Amino acid sequence: MIAFPADGFEARWVTWDGGHADRVSLRWENEAWTATGQLGREDVEYVLRISPLWQVRQLLLFRDLEEPDLWLGTDGRGHWGEVNGAHRPELDGAIDVHVAGAAFSHSPPIRRLDLPEGGAAELTVLTVDVDTLAVTPHRAVYARTGERRWRVAGDARTVEFDTDEYGLPVDIEGVARRE
């Protein structure tokens with residue numbers, strides 16, 4: 001994988017039926033990456049603050065207010081809490097966050113793990129339901145099956161996809177494809 005351009009990067013996916021867009025913008029600021037995404041079908045915006053080593057530090061999710069509807073942060077060791085300081089012990093152990101419907105959500109673990117072909121890693125991932133704001137930890141196995149090919153097997157479903165030179169999914173069969 002290559003490094004993202006210093007002046008930022010944008011990617012866009014559309015749902016497999018072509019009806020809705022998923023867009024992400026990456027910026028390097030304050031010694032970390034900020035990924036800002038918009039999900040058209042869900043009409044939400046999310047922000048992930050990601051360390052230089054591709055560990056998720058914060059998640060903000062905006063639905064219909066100027067203030068975030070959901071704002072979670074981690075200490076980097078798998079302990080999660082809300083911005084008001086309330087510890088969320090049921091989320092402990094997770095390192096990654098998957099915003100339902102966001103193709104970009106697969107990229108932080110792919111970039112951080114940097115697995116060799118044939119390698120795999122089992123992770124605890126927080127899945128965020130943008131409609132209900134439910135945050136659920138689940139098991140996911142990230143397996144690098146080819147030079148740029150990945151399989152992500154979760155509790156409920158398995159997806160396979162190729163990535164571009166930056167480690168971003170290209171087409172996720174039945175879910176979204178890159179524009």
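The figures here come from the full heavy-atom set of this structure, side chains too, leaving out hydrogens, waters and symmetry mates. Just so we're clear, the structure is a prediction, and the values are computed from it rather than from any experiment.
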With a cut-off of 6.0 Å (strictly less than), are more than 12 heavy atoms of other residues, nucleotides or ligands near CD of Glu29? yes
Would you check, one step at a time, whether the test side chain to side chain contact (heavy atoms under 4.5 Å, CB included) holds for Val128 with Leu61? CA-CA 9 Å; Val128 178; Leu61 184 75; 4.2 Å; yes
Asp162/Arg148 salt bridge by N-O under 4.0 Å criterion: no
Does Asp164 form a side chain to side chain contact (heavy atoms under 4.5 Å, CB included) with Val170? I'd like the steps, not just the answer. CA-CA 6 Å; Asp164 65 11; Val170 178; 4.2 Å; yes
Counting only N and O atoms by type, is there a donor-acceptor contact under 3.5 Å from the side chain of Ser25 to the main-chain atoms of Thr36? no
Quick one: pull up CG in Leu91 and CH2 in Trp80 and give me the separation to the nearest 0.5 Å. 8.0 Å
Is there a path of hydrophobic side-chain contacts, each under 4.5 Å between heavy atoms, that joins Trp13 and Phe161? no
Specify the closest pair of heavy atoms between Arg157 and Val159, including all atoms of both residues, with the distance to one decimal. NE-CG1, 3.7 Å
Check whether any side-chain heavy atom of Val175 lies under 4.5 Å from a side-chain heavy atom of Trp16, and answer yes or no. no
Using a 3.5 Å distance criterion without hydrogens, assess whether the side chain of Thr15 forms a donor-acceptor pair with backbone atoms of His20. yes
Do the side chain of Arg178 and the main chain of Pro169 share a donor and acceptor less than 3.5 angstrom apart? yes
Could you see if Val99 belongs to whatever hydrophobic cluster contains Trp150? Use Ile, Leu, Val, Met, Phe, Trp, Tyr and a side-chain cutoff under 4.5 Å. no
Is Val24 linked to Leu39 within one hydrophobic cluster, defined over Ile, Leu, Val, Met, Phe, Trp and Tyr using a side-chain heavy-atom separation of less than 4.5 Å? yes
Could you tell me whether the side chain of Ile95 reaches within less than 4.5 Å of the side chain of Val56, counting heavy atoms only? no
May I ask you to check whether His98 and Thr127 show a side-chain donor-acceptor distance below 3.5 Å? no
Count the heavy atoms belonging to other residues, nucleotides or ligands that lie under 6.0 Å from CD of Glu165, then report whether that count exceeds 12. yes
What distance separates Thr124 OG1 from Asp92 CG, expressed to the nearest 0.5 Å? 10.5 Å
With a 3.5 Å distance limit and no angle check, can you tell me whether Arg144 reaches the backbone of Leu115 through a side-chain donor-acceptor pair? yes
Side chain proximity check, Asp114 to Met1, heavy atoms < 4.5 angstrom: yes
Regarding Glu179 and Arg12, does a basic nitrogen lie under 4.0 Å from an acidic carboxylate oxygen? yes
I'd like to know if Ile172 and Ile110 are part of one continuous hydrophobic network [Ile/Leu/Val/Met/Phe/Trp/Tyr, side-chain heavy atoms within less than 4.5 Å]. yes
Just checking Tyr166 against Phe9, ring centres under 6.0 Å apart? yes
Flag the pair Asp69 / Asp64 as yes when at least one side-chain heavy-atom distance between them is below 4.5 Å, and no otherwise. yes
Heavy-atom pair with the smallest gap, counting every atom of Trp33 and Ser51: CD1-O, 4.2 Å
Determine whether more than 12 heavy atoms belonging to other residues, nucleotides or ligands lie under 6.0 Å from atom CG of Asp43. no
Asp171 side-chain N/O to Glu173 backbone N/O, donor-acceptor pair under 3.5 Å: no
Indicate yes or no: at least one non-hydrogen side-chain atom of Leu123 is less than 4.5 angstrom from one of Tyr142. yes
Note: Arg57 and Pro52 closest approach over all heavy atoms is NH2-CD, 3.7 Å
I'd like to know if the side chain of Asp96 pairs up with that of His106 as donor and acceptor (distance under 3.5 Å, no hydrogens or angles considered). no
Taking the side chain as C-beta and beyond, is there a heavy-atom pair between Leu72 and Glu82 under 4.5 Å? yes
Hey, does Leu70 have a side-chain heavy atom less than 4.5 Å from the side chain of Leu60? no
Once you round to the nearest 0.5 Å, how far does CD of Gln55 lie from CZ of Arg111? 14.0 Å
We want to know whether Arg49 and Thr34 form a side-chain donor-acceptor pair, criterion being a heavy-atom distance below 3.5 angstrom. yes
Ring centres under 6.0 angstrom apart (Trp54, Phe4): yes
Side-chain donor/acceptor of Asp75 to backbone N/O of His79, under 3.5 Å: yes
State yes or no: do Phe104 and Ile2 share one hydrophobic cluster built from I, L, V, M, F, W and Y residues joined by side-chain heavy-atom distances below 4.5 Å, directly or via other members? yes
With heavy-atom distances below 4.5 Å as the criterion, would you say the side chains of Thr158 and Val152 are in contact? no
Take Val14 and Asp22 through the test side chain to side chain contact (heavy atoms under 4.5 Å, CB included) and record every step on the way to the result. CA-CA 6 Å; Val14 293; Asp22 170 8; over 6 Å; no
